[in-house]
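Below is one structure, written out as C-alpha cells, with a few remarks after it.
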Number of protein chains: 2
Amino acid sequence: MSHADPFITKLERARRAAKSLATVTTMQKNAALEAIAQGLEEAIPEIVAANAEDLARGEANQIGDGLLDRLRLDEARVRSLAAAVRELIALPDPIGQIVRGSTLANGIKISQVRVPFGVVGAIYEARPNVTVDIAALALKSGNGAVLRGGTAAEHSNRVLVAVIQRAISASGLDGDAVQTIDEFGREGAGRLMRARGYVDVLIPRGSAGLIATVVSESTVPVIETGAGIVHVYVDATADPQMAVQIVTNAKTHRPSVCNAAETLLVHRDAAPRILPLIAEQLLGAGVELAGDAAARAIAAELGEADDETWSTEHLALEMGVRIVDSLDEAIEHIDRYSTRHTESIVTEDYASAERFLADVDSAVVMVNASTRFTDGGEFGFGAEVGISTQKLHARGPMGLAELTSTKWLVRGAGQIR
Amino acid sequence: MSHADPFITKLERARRAAKSLATVTTMQKNAALEAIAQGLEEAIPEIVAANAEDLARGEANQIGDGLLDRLRLDEARVRSLAAAVRELIALPDPIGQIVRGSTLANGIKISQVRVPFGVVGAIYEARPNVTVDIAALALKSGNGAVLRGGTAAEHSNRVLVAVIQRAISASGLDGDAVQTIDEFGREGAGRLMRARGYVDVLIPRGSAGLIATVVSESTVPVIETGAGIVHVYVDATADPQMAVQIVTNAKTHRPSVCNAAETLLVHRDAAPRILPLIAEQLLGAGVELAGDAAARAIAAELGEADDETWSTEHLALEMGVRIVDSLDEAIEHIDRYSTRHTESIVTEDYASAERFLADVDSAVVMVNASTRFTDGGEFGFGAEVGISTQKLHARGPMGLAELTSTKWLVRGAGQIR
C-alpha cells in the first residue's frame with residue numbers, strides 16, 4: 001500500500017521502524033543512545049543556531065520570559081540533554097521482563113512479558129528538551145516516537161530530530177523510528193490524535209489547556225500527565241517544626257513544578273499554635289498567602305482567599321490557606337478541589353495517618369513528607385517519563401516500564417480444550 | 001451542588017456509593033454478593049416475566065434467533081447467573097494488594113497498592129447476563145457500575161438492577177453503587193461516553209460496530225474487549241496429528257466466541273502432508289472452508305477465498321485457508337489481518353517457535369496449543385471480565401485486578417528535599 005499523503009507516510013515509517021526496534025537487543029539500543037548523546041554534543045553549534053531563530057521569533061511575538069526560558073537551548077543545556085540520554089543507558093531495559101507466569105493444570109506454560117507499545121506519540125509546546133527526552137525514552141523502551149513539538153520550537157525540533165535520526169541510523173538501527181510532524185501544523189496535531197492504528201499511545205505535555213484538548217479530541221489512548229493542585233494538611237496533632245519544614249519545602253523548593261503544594265489546610269486545633277510559624281516562614285520566603293476568614297483571624301498578614309484560590313494551580317510563590325474543623329473536612333476539601341496528583345498529611349496520630357492514606361483518592365498520598373517527593377527520580381525509577389494523574393494503565397510517577405505493554409506467551413505440547 | 005438533571009443525579013449517586021465501597025472489607029463485599037445471588041434466585045418469576053416482554057418485542061422486531069437466544073433468561077440461566085456471582089466470593093479481593101514497594105535512601109517508605117477505579121461504565125447490547133456479570137465484578141473490586149444495556153433487554157435489565165440494588169442495600173452497603181441508564185436511550189449512551197469525572201473507565205461489550213463507536217466517541221478511558229480474527233499457522237515441521245487436533249479444536253469447539261480460529265495458514269512444505277487431513281476433519285465437522293488457489297490445488301473440496309475472507313470474524317463454522325511460503329509470510333499475513341487477539345503456531349522447530357512468539361504482536365501468542373485457551377478461567381483468573389485487545393492498561397484475558405487502579409502510599413518522618 002502506498003500513500004501519497006506525506007503525513008501518513010511519516011506515521012508508516014515510524015511504525016515500520018518501531019517494529020524492528022521491538023526485538024533488538026539492549027546492547028543495540030544502548031549503542032544508539034550513546035550515538036544520540038555524541039550527536040547532540042557534536043551538533044551544538046547547529047542546534048544553538050536553530051534555537052536562536054525560534055528565540056528571535058518568540059521575542060518578536062512577545063511570548064513572555066517564562067516561555068522564552070523554556071525555549072532556550074544554550075551549550076550547557078544541550079550538554080545536559082546529552083548527559084540525560086547517557087543516564088538511560090545504565091537503566092535496566094524493561095522489554096522482555098517477565099511480569100508473571102505459571103504452569104496451568106494441563107501443563108501449558110504461560111508467561112506475561114513486557115513488550116513495547118509500538119509507536120508513542122507526544123504533543124507538547126515550546127520545550128525542545130522534550131524532543132530529546134521522549135525520543136530517548138521511547139528508544140530505550142523499544143518504541144518509535146512521533147513528535148509534535150509546536151510552532152514555537154519548530155527550528156530547534158527539526159535540527160534535534162535530524163540529529164537523533166542520523167545517530168540512530170549510524171548505530172545500525174532504523175532512524176525512521178523518530179519522526180517530527182511539526183511541519184503539518186495544527187492540522188497535524190489533530191490528525192495525530194486520531195491516528196488509531198498508527199500510534200498506540202499519546203502523551204500530552206504542557207499546559208492544562210493542551211492536556212484537556214488532547215484528552216477530549218483523541219481517539220488514540222492517552223496517558224494524561226498532570227496538573228497538580230496539591231494539598232498539605234496539617235492535622236490537630238502535627239509537630240510544629242515538621243509542619244513548617246514540610247509546608248515550606250512543598251511550596252518553595254521549586255514552585256513551578258506539578259508536585260509543588262498549592263493549598264494549605266490546617267486543623268482548627270493546630271492553627272493558633274502552628275499557622276503563625278508557617279506564615280512567618282512562607283512570607284519570609286516571598287510567598288503570597290490567601291486565607292479564608294478563620295485563617296486571617298489567626299494570621300492577619302494573609303490576603304483574602306476566594307473560591308478561585310482553591311481551584312488554581314499557581315505554579316508560583318502563591319498559596320491558599322484554609323482552616324478546617326476536622327480531618328473529614330480536609331478530605332472533603334481535597335476531594336472537591338484536588339487534581340488527584342499528590343496530597344500530604346502532617347500528623348502524629350496513627351488513626352489520622354491511616355485514614356488519610358485510605359480515604360484520599362490521589363496518585364500519591366503521603367504522611368509526614370514533602371509533596372516534592374512525587375518524582376520518578378526520587379522513587380528510584382531513574383527516568384522521568386512524567387507523572388500520570390489518570391487511573392488507567394499508570395498512576396503517579398512513570399518509569400520506563402510505564403511505556404510498555406505486555407503480551408502473553410503460551411507454550412504447549414498439543415493441548416486442546 | 002444539586003442537579004435537576006436526572007442523568008447526572010444517577011451518576012453522582014453511583015460515584016458517592018462507589019466512594020463508600022472503596023474502603024469496605026472483603027467480608028462485607030462477599031456478603032453483598034451472596035445477597036445478590038439469593039436475590040436473583042428469589043426473583044426468578046419476576047425476572048423471567050420481564051424477560052418475556054423483551055423476547056416478545058424482539059420477536060415482533062424479528063431480531064433473529066441468535067440475538068433472541070442471547071436475550072433469553074429462563075430459570076436455569078438465572079440460577080447459573082447466581083452461581084457465577086457466588087464463584088466471585090471465593091476469589092481473592094484485589095483491593096489493598098501491594099503491587100510493589102521499597103524504602104528510599106532517605107528512609108521514606110513507598111508502596112503501590114491496588115485501589116478501585118471508582119465507577120466502571122459498561123455499554124452492551126441484548127445480553128442481560130452482562131448486567132449481573134459487570135455489577136458483581138465491579139462490586140468485588142470495590143467499584144460502582146453504571147450500565148447501559150440497550151433497548152432490546154430493557155425490561156430484563158430494569159428488574160435485574162432493582163434486584164441487585166435491593167440486595168446490596170439489604171447487606172448494609174450502598175445500593176446506589178449499581179445504576180442503569182437504559183431509560184435515557186441512545187442519548188444516555190452518548191452522555192455516558194463523555195462522562196469524564198463521573199465514570200473512570202468504560203467497557204464496551206458486543207459487536208465490532210458497538211466497540212468502534214465507543215472507542216471513537218468516548219472521552220472516558222476505554223478498555224476495548226475484543227473482536228478476534230484469530231490465526232493458526234501450521235509450520236513446515238508441524239506434527240500432522242497435533243495440527244489436526246489443534247485446528248479442529250480452535251475452529252469447532254465453540255465457533256461463536258472471540259478466541260475461535262478464523263484463518264488457517266499452512267506452510268507450503270507441510271500442506272500436501274497435512275492440509276488434506278485437516279480439511280477432512282473440518283469438513284466432516286460441518287465447517288465451510290474457503291481457500292486460496294494453492295490450498296484449493298491440494299484440497300479440491302475447498303471453496304474460493306477472496307480478500308474479505310481474511311478480514312472477517314466469522315464467529316461461525318467458516319474458515320479461510322491460505323498457503324504461505326515461509327514463516328515470514330505467515331507473520332506478515334497475521335500482521336496485516338489480525339485483530340491482535342490470539343495466534344498459534346503448530347511446529348516442532350525450536351527457532352520457528354521462538355520467532356513466532358517474539359515477532360507476532362498479539363495479546364496472546366501460542367505454540368502448540370489451541371487458541372481456545374485464551375480465557376480468564378483457563379488462565380486461572382477465576383472471573384471473566386473480558387479479553388482486552390488494546391495495549392494500554394490490560395492486554396489479553398482480564399481478571400479482577402484489571403478492574404483496579406493503584407495509588408502510591410508514602411510514609412515519612414518529616415523528610416524534605
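None of these values were measured; they are calculated from a predicted model. Order of the sequence lines sets the chain letters (A, B, ...), proteins ahead of strands, with each chain counted from 1.
Proximity to chain A (any heavy atom under 4.5 Å) is restricted, for R196(B), to the side chain, taken from C-beta onward. Residue V365(B) touches chain A through both its backbone and its side chain, counting heavy-atom pairs closer than 4.5 Å. The contact between V222(B) and chain A is made entirely by backbone atoms, counting heavy-atom distances below 4.5 Å. Residue contact with chain A, scored on non-hydrogen atoms closer than 4.5 Å, involves the backbone and the side chain of L357(B) alike. The contact between I108(B) and chain A is made entirely by side chain atoms (from C-beta outward), counting heavy-atom distances below 4.5 Å. At a 4.5 Å heavy-atom cutoff, A22(A) makes no contact with chain B through either its backbone or its side chain. V201(A) touches chain B through its side chain: at least one heavy atom from C-beta onward sits under 4.5 Å away, while N, CA, C and O do not. Contacts of A363(B) with chain A are made by backbone atoms alone, with heavy-atom separations under 4.5 Å and no side-chain atom involved. Contacts of S362(B) with chain A are made by backbone atoms alone, with heavy-atom separations under 4.5 Å and no side-chain atom involved. No part of D239(B) comes within reach of chain A, as not one of its non-hydrogen atoms sits under 4.5 angstrom from that chain.
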Sequence neighbours excluded and cut-off under 3.5 Å, please list the side-chain donor-acceptor pairs for residues 212-219 of chain B, or say none.
residue: T213(B); atom: OG1; partner: G209(B); partner atom: O; Å: 2.9
residue: S216(B); atom: OG; partner: A212(B); partner atom: O; Å: 3.3
residue: S216(B); atom: OG; partner: T213(B); partner atom: O; Å: 3.4
residue: S218(B); atom: OG; partner: V214(B); partner atom: O; Å: 2.8

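In terms of heavy-atom pairs under 4.5 Å with chain A, the best-connected choice from V115(B), I416(B), V220(B) is I416(B). Per-residue counts of heavy-atom pairs under 4.5 Å with chain B were compared for N106(A), N368(A), V113(A), T23(A); the largest is that of N368(A). Ranked by heavy-atom pairs under 4.5 Å with chain B, the first of G380(A), G396(A), A358(A) is A358(A). Put simply, of E354(A), R254(A), Q112(A), Q390(A), the one with the most heavy-atom pairs under 4.5 Å next to chain B is E354(A). Among T404(B), T371(B), D335(B), T374(B), the residue with the largest count of heavy-atom pairs under 4.5 Å with chain A is D335(B). Options E402(A), E378(A), H253(A) differ in how many heavy-atom pairs under 4.5 Å they form with chain B, and the most are formed by E378(A).
Checking side-chain atoms of R395(A) against main-chain N and O of T406(B) turns up a donor-acceptor pair under 3.5 Å. Judged by distance alone, with hydrogens and angles left aside, the side-chain atoms of S405(B) form a donor-acceptor pair with the main-chain N or O of K391(A) at under 3.5 Å. K407(B) places a side-chain N or O within 3.5 Å of a backbone atom of V360(A) that can act as its donor or acceptor partner. Between the side chain of R411(B) and the backbone N or O of V367(A), no donor-acceptor pair lies under 3.5 Å. The main-chain N or O of R417(B) is never found under 3.5 Å from a side-chain atom of R372(A) such that the two would form a donor-acceptor pair.
Heavy-atom minimum distance, G412(B) versus A369(A): CA-CB, 4.4 Å.
Of residues 95-105 of chain A, those residues lying under 4.5 Å from chain B by any heavy-atom pair are R100(A), L104(A). Near-neighbour residues of residues 241-252 of chain A relative to chain B, defined by a heavy atom under 4.5 Å from a heavy atom of that chain, comprise M242(A), Q245(A), I246(A), N249(A). Residues of residues 339-348 of chain A lying under 4.5 angstrom from chain B, judged on non-hydrogen atoms, do not exist here.
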Just do the side chain to side chain contact (heavy atoms under 4.5 Å, CB included) check on L392(A) and I223(B) with the steps written out, would you?
-> CA-CA 9 Å; L392(A) 208 71; I223(B) 298 182; 4.1 Å; yes
I110(B)/F373(A) under side chain to side chain contact (heavy atoms under 4.5 Å, CB included): CA gap, chis, key distance, verdict = CA-CA 10 Å; I110(B) 65 174; F373(A) 286 109; over 6 Å; no
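Between W408(B) and F379(A), the angle of the ring planes goes over 60°, which puts this pair in the perpendicular group of the 30/60° scheme.
Within the model, atoms CE of M366(B) and CG of L409(A) stand 10.5 Å from one another, a figure rounded to the nearest 0.5 Å.
With salt bridges taken as basic N to acidic carboxylate O contacts below 4.0 Å, none links D361(B) and K19(A).
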